[in-house]
Q: 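Before we start, here is the structure in question, set down as structure tokens.
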Amino acid sequence: LEHICIDPKGPLCYCGSRGCLETYCSANALESAAGMKAEDFFPLFRKKRDERLVRLWEDYLDHLAFAVKNLNMIIDSPVILCGYLAPYFAQEDLDYILDRINLSTPFPLSRDKLIIGTHGQYTPAAGAALFYIEQFLQHSI
């Protein structure tokens with residue numbers, strides 16, 4: 001989903017388009033806006049003492065919720081949040097996202113349908129490989 005457009009007048013993305021989710025909800029976007037690496041950002045943010053960091057993370061989560069809400073409208077399926085930042089998500093972040101998603105949608109997303117990937121940045125590759133592994137196993141027996 002990184003190149004789905006969430007704001008056609010948004011920042012220029014490395015793919016050449018404007019307003020891609022990547023420009024709002026990626027480790028690079030967060031680190032650039034915060035001026036620090038994710039591993040430094042999250043301990044400071046979790047202390048809730050720096051209002052700028054709180055606003056940056058809420059902005060990140062707002063954009064992510066917007067994209068997930070639209071995805072939910074299209075595929076009505078569990079959503080796995082994955083990537084480099086996945087290990088940094090806390091329960092309060094998931095609650096925040098769900099509140100934003102379900103604020104104005106005819107099809108609410110339940111908590112059990114919002115999942116954190118357990119393999120970090122490799123979750124999409126592992127998930128994509130499962131189809132082929134299953135096919136291999138079915139034809140090898």
Side-chain angles (χ1 to χ4, degrees), residues 1-140:
L1 283 179
E2 70 184 295
H3 295 289
I4 189 170
C5 179
I6 61 170
D7 180 3
K9 295 180 182 176
L12 183 64
C13 182
Y14 68 84
C15 75
S17 295
R18 289 201 168 274
C20 293
L21 183 61
E22 166 75 18
T23 64
Y24 295 97
C25 295
S26 66
N28 289 339
L30 181 67
E31 290 176 344
S32 177
M36 65 184 82
K37 294 283 188 190
E39 57 265 14
D40 299 324
F41 173 86
F42 283 97
L44 291 172
F45 160 72
R46 295 288 176 211
K47 292 178 184 176
K48 305 274 194 253
R49 292 188 184 135
D50 187 331
E51 187 60 35
R52 184 182 75 87
L53 298 183
V54 171
R55 281 192 314 274
L56 283 175
W57 186 238
E58 286 177 353
D59 185 58
Y60 178 100
L61 295 178
D62 287 340
H63 285 97
L64 183 58
F66 178 83
V68 171
K69 179 175 101 173
N70 286 326
L71 175 65
N72 187 48
M73 295 289 287
I74 296 168
I75 64 169
D76 187 27
S77 171
V79 175
I80 302 172
L81 301 176
C82 56
Y84 181 77
L85 296 180
Y88 294 104
F89 277 84
Q91 183 60 49
E92 67 187 77
D93 302 323
L94 298 179
D95 293 341
Y96 184 96
I97 292 169
L98 278 172
D99 286 346
R100 295 305 180 276
I101 291 169
N102 294 332
L103 188 62
S104 61
T105 183
F107 307 106
L109 186 66
S110 61
R111 173 62 190 93
D112 65 321
K113 302 283 186 176
L114 188 61
I115 303 163
I116 299 295
T118 56
H119 299 295
Q121 65 190 32
Y122 303 110
T123 299
L130 290 177
F131 172 80
Y132 297 101
I133 291 169
E134 183 179 351
Q135 294 295 309
F136 174 80
L137 292 173
Q138 286 179 358
H139 292 81
S140 296

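Worth knowing before you read on, the calculation uses all heavy atoms, side chains too, and leaves out hydrogens, waters and symmetry mates.
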Q: Work out which heavy atom in I97 is nearest to a heavy atom in A65; give both atom names and the distance.
A: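 Closest approach of I97 to A65: O-CB, 3.9 Å.
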Q: Considering all heavy atoms of both residues, which atom of E2 and which atom of C20 are nearest to each other, and what is their separation?
A: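 Result for this residue pair: O-CB, 3.5 Å.
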Q: Answer whether the closest heavy-atom distance between the side chains of I133 and L137 falls below 4.5 Å.
A: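 Yes, close enough: below the 4.5 Å cut-off.
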Q: Within this structure, what is the CD1-CG distance for the pair I75 and N70, rounded to the nearest 0.5 Å?
A: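 CG of N70 is found 11.5 Å from CD1 of I75.
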Q: Is the number of heavy atoms from other residues, nucleotides or ligands under 6.0 Å of D76 CG greater than 12?
A: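 At most 12 heavy atoms, drawn from other residues, nucleotides or ligands, come within 6.0 Å of this atom.
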Q: When you measure from the side chain of D93 to the backbone of A90, do you find a donor-acceptor pair of N or O atoms at a distance under 3.5 Å?
A: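 It does hold such a pair.
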Q: Say you draw a straight line from OG of S17 to CD1 of I4; how long is it, rounded to the nearest 0.5 Å?
A: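 Answer rounded to 0.5 Å: 12.0 Å.
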Q: Would you please classify the geometry between the H3 ring and the Y14 ring as parallel, tilted or perpendicular, with 30° and 60° separating the classes?
A: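 Ring orientation of Y14 relative to H3: perpendicular.
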Q: Would you say the side chain of F89 lies within less than 4.5 Å of the side chain of L64, judging by non-hydrogen atoms?
A: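 The answer is yes; the side chains approach within 4.5 Å.
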Q: Heavy atoms, side chains only, cut-off 4.5 Å: are F136 and H139 in contact?
A: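 Side-chain contact under 4.5 Å: no.
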Q: Using a 4.5 Å cut-off on heavy atoms from C-beta on, say whether the side chain of L53 contacts that of L44.
A: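 A side-chain contact exists here, since the closest heavy-atom pair is under 4.5 Å.
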Q: Find the distance between OG (S77) and CG (L109) and round it off to the nearest 0.5 Å.
A: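 If I round to the nearest 0.5 Å, the distance is 9.5 Å.
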Q: What distance do I80 atom CD1 and K113 atom NZ have between them, rounded to the nearest 0.5 Å?
A: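 If we round to the nearest 0.5 Å, I80:CD1 and K113:NZ are 11.5 Å apart.
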Q: What are the two closest non-hydrogen atoms of I115 and P78, and how far apart are they?
A: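 Closest pair (atom of I115, atom of P78, distance): CD1-CB, 4.0 Å.
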Q: Is the closest side-chain heavy-atom distance between V68 and L81 below 4.5 Å?
A: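 They are in side-chain contact.
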Q: Is it possible for you to check whether R46 lies under 6.0 Å from the centre of the six-membered ring of F42, through NZ or CZ, and within 45° of that ring's axis?
A: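 Because its charged atom misses either the 6.0 Å distance or the 45° angle limit, R46 does not stack over F42.
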Q: Kindly give the heavy-atom pair with the smallest separation between H63 and L21, and that separation in Å.
A: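 Looking at all heavy atoms of both residues, the shortest contact is O-CD1, 4.0 Å.
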Q: Tell me whether R111 contacts the main-chain N or O of L114 through its side chain, where contact means a donor paired with an acceptor under 3.5 Å.
A: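 It does hold such a pair.
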Q: Which heavy atom in D50 sits nearest to a heavy atom in R52, and how many Å separate them?
A: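 That closest heavy-atom pairing would be OD1-N, 3.0 Å.
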Q: Compute whether any side-chain donor of one residue and acceptor of the other, for N28 and S26, lie under 3.5 angstrom apart.
A: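 There is no such pair between these side chains.
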Q: What closest approach, in Å, do Y24 and G10 show between heavy atoms, and which atom pair accounts for it?
A: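 Closest approach of Y24 to G10: OH-CA, 3.4 Å.
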Q: Any side-chain heavy atom of F107 sitting closer than 4.5 Å to one from K69?
A: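 A side-chain contact under 4.5 Å is absent here.
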Q: What's the spacing between Y60 OH and F45 CZ if we round to 0.5 Å?
A: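 Going from the OH atom of Y60 to the CZ atom of F45 covers 12.0 Å.
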Q: Has K9 got more than 12 heavy atoms of other residues, nucleotides or ligands less than 6.0 Å from its NZ?
A: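 Atom NZ in K9 is not crowded, with 12 or fewer foreign heavy atoms closer than 6.0 Å.
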Q: Looking at CD1 of I6 and SG of C25, how far apart are the two atoms once the value is rounded to the nearest 0.5 Å?
A: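 These two atoms lie 5.5 Å from each other.
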